[in-house]
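Below: the structure, in structure tokens.
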Amino acid sequence: MAERSTAAVDVADNSGDEPLAAQAAKATADGVDTQNGQAADGPMPEKDGERTTAAPAAAPELHSGHKLARRYRLEECVTRVDGFSSWRAMDEKLRRAVGVHLLPADHARARSVLAAARSSALLGDPRFVQVLDAVEENDLVYVVHEWLPDATELTALLAAGPLEAHEAYQLVSQISQAMAAAHREGLAHLRLTPSAILRTSTGQYRIRGLAVNAALRGITSETPQRADTEAIGALLYAALTQRWPYESDAYGLTGLPKGVGLIAPDQVRAGVHRGLGELAMRALANDGATASRQEPACTTPEELAKAVAAMPRIRPPEPAFTAPPEYQQTTYQQGSYGRPAGPGAKTVQNVPVVPPAPLQSRTGRVLKWGVAALLIAALGLGSWQLADTLLERLNQGSNSDTGPSQPPADDAPDKKEPSKALPLSQATVLAIGGDQVKPEDADKTIDGSTDTGWVTPQYKGYPKFGNLPGRRDGSGIIVDLGSVQNVTGIELDLYAAGQKLQVRAAAPDASAPDSLDNFSQRLTKLETTQKKLQTTLEAPVRTRYVLVHITELPQDDEGHYRGGINNIKVLGHSS
């Protein structure tokens, strides 16, 4: 079957193949998450045999909350580059998260994107992220695909270190078999980067962007099977060495030293599995490398999959044995009994204790019966005295003219006014450096629902809001109680566990505080919290304004950083 030249491209990666300024210049600031000042997507260098067609620079100007087909609600822009944009959206009909690619209907690549999406959807292979819909509507072309919140990009896995041999074997085995099946149907990828590979919680590797994203980028190739095979070899090389097998740095990985060419993985890092290292070289032999044992180069995913199957199976590592805790001796065992005496100490010979012989004679039997009779008599006498005492007390209680004693009124405990949820009139986002994070979602934190809330964008590389200038001191939500109240507690439902935050209050006479310095009263200490936070204050605090200040964000399932607040409840009583 003739191979198609369309291929897929991951649209949310940091390729690192161009200077950061060049990458940032190719994406608009509207709706694009940025990390350290650069856009979350970057171009990929062209390889031999690959071509990229030109495209308009403007993407559709849509914003969060816009609905497509009265069903897909756009929530967050992930990429805006090359005339198209990519979004995380909500399918309100099926109540699930989806991904959406958008571009104008008159875009030069619109027809090829629709064709690629429909071809990919027909494949129906669960090893690929599925295309769910491909529509041209109202001068827009959009492609809807699966969103896997529990999956982790290979980029994030490699950031933690090289993969263990069995895991690298599973990676190359599953990816090569999947791409062989795709090429049998005439579909190519051409952009198999680490961020195009997802590992699910069950250990399965899935490929996203088959055909669709290459059409979005306008990437074609005269030898698509060779290009995809070499890309799989690069992924395996990176998994074994945590290095990118070319001179340029890419995808968060350091490239090889300049001028030395492609060297075997075991020359880059000690302890690399020899069979997997040779397999990576065979797949990368298309770029001029020579396999160490002179096996023929693998030029198609089918050949690579057969080479993987021919290897001896690599078993998973044995589970690490955890030694049991050291036996803790009892107090008796920790004494000097039975221990060897120290130098200079007097030696005491242990004399075995011989139990007394049982009373077997006639006198002994008489003595036993006598002791038993005395015990029975003592028990009877004690029981009679106890019963007599109880009856006497009952008689006294029945003959008394007075009722049960009551504590004097002065001794009654003071009744404090119970705490209750105070009404919240307004919520705003704390502006640090003159910048607010998603101010339009602030009121969702006081609507009483835990299903909605104020959620930050997704940041890469740094938990302190991407370490962006002006946001390194964090952000948060300011709650207005409407008037000065006595605050006695705080209850928070957070977007995720692991956020580092504190709760502060403004002075009673404060008026519209808008900076961290205006909140001088500390209600909770700065610490990393669980998803729910409940705090009762030792003494009421008088204030009108309460600030939930977040300084660091937790890592999400995709290896990035995101946080937020679902619901805020302030407890107290009216002043």
Side-chain angles (χ1 to χ4, degrees), residues 15-17 44-50 154-155 157-158 161-180 183 188-194 196-197 205 207 221 223-315:
S15 69
D17 298 320
M44 181 177 180
E46 295 184 24
K47 297 180 181 178
D48 294 339
E50 297 182 8
L154 182 59
T155 308
L157 297 177
L158 295 181
L163 301 186
E164 178 269 330
H166 176 263
E167 194 65 32
Y169 172 82
Q170 291 295 323
L171 168 70
V172 67
S173 176
Q174 295 181 32
I175 298 302
S176 60
Q177 291 178 21
M179 287 310 305
H183 277 282
H189 200 298
L190 302 186
R191 194 174 170 90
L192 281 169
T193 66
I197 308 302
Y205 286 94
I207 305 171
S221 175
T223 55
Q225 293 209 44
R226 167 178 165 176
D228 282 345
T229 306
E230 186 174 349
I232 300 173
L235 293 175
L236 177 58
Y237 193 103
L240 296 173
T241 64
Q242 203 185 12
R243 298 284 292 270
W244 194 237
Y246 304 101
E247 291 185 352
S248 59
D249 299 344
Y251 314 108
L253 301 172
T254 305
L256 298 179
K258 297 185 182 300
V260 301
L262 182 61
I263 54 180
D266 55 4
Q267 297 179 16
V268 177
R269 174 178 168 267
V272 171
H273 188 278
R274 183 176 180 183
L276 291 175
E278 292 176 350
L279 193 65
M281 295 296 286
R282 291 178 63 184
L284 287 168
N286 308 309
D287 200 40
T290 302
S292 58
R293 293 177 57 186
Q294 303 301 321
E295 291 94 343
C298 298
T299 58
T300 67
E302 187 80 39
E303 293 177 358
L304 183 58
K306 291 180 179 179
V308 175
M311 288 181 56
R313 183 185 178 93
I314 301 177
R315 297 183 178 275

Contact check, side chains of L262 and Y237, non-hydrogen atoms, under 4.5 Å: yes
4.5 Å side-chain heavy-atom contact, W244 and D249: no
Approximate separation, where rounding is to 0.5 Å, of Y169 OH and Q174 CD: 10.5 Å
Ion pair E278/R282, N-O distance below 4.0 Å: no
Where M311 and L279 come nearest, the two heavy atoms and their spacing: SD-CD2, 3.8 Å
Heavy-atom closest contact (R243 atom, G255 atom, distance): NH2-O, 2.7 Å
Distance, nearest 0.5 Å, that separates CD of E302 from CD of Q177: 9.5 Å
I207 side, atom CD1; I175 side, atom CD1 - distance, nearest 0.5 Å: 4.0 Å
Minimum side-chain heavy-atom gap M281-P265 below 4.5 Å: yes
Closest non-hydrogen atom pair, E247 against P257: CG-O, 4.2 Å
Closest approach of H183 to A188 (non-hydrogen atoms, all atoms of both residues): CE1-CB, 3.5 Å
Donor-acceptor contact below 3.5 Å, side chain D228 vs main chain H189: yes
Separation between CG of L276 and NE2 of H166, rounded to the nearest 0.5 Å: 10.5 Å
Side chain proximity check, L157 to I197, heavy atoms < 4.5 angstrom: no
pair Y205-L235: side-chain heavy atoms closer than 4.5 Å: no
T241 side chain near P162 side chain, heavy-atom distance below 4.5 Å: no
Nearest-0.5 Å distance, CZ of residue R269 to CG of residue L240: 7.5 Å
Separation of Q242 CD from L163 CG (nearest 0.5 Å): 9.0 Å
Check: R226 side chain, T299 main-chain N or O, donor-acceptor pair, under 3.5 Å: no
Residue pair S176 / I232: nearest heavy atoms and the distance that separates them: CA-CD1, 4.0 Å
Closest non-hydrogen atom pair, V172 against L304: CG2-CD2, 4.5 Å
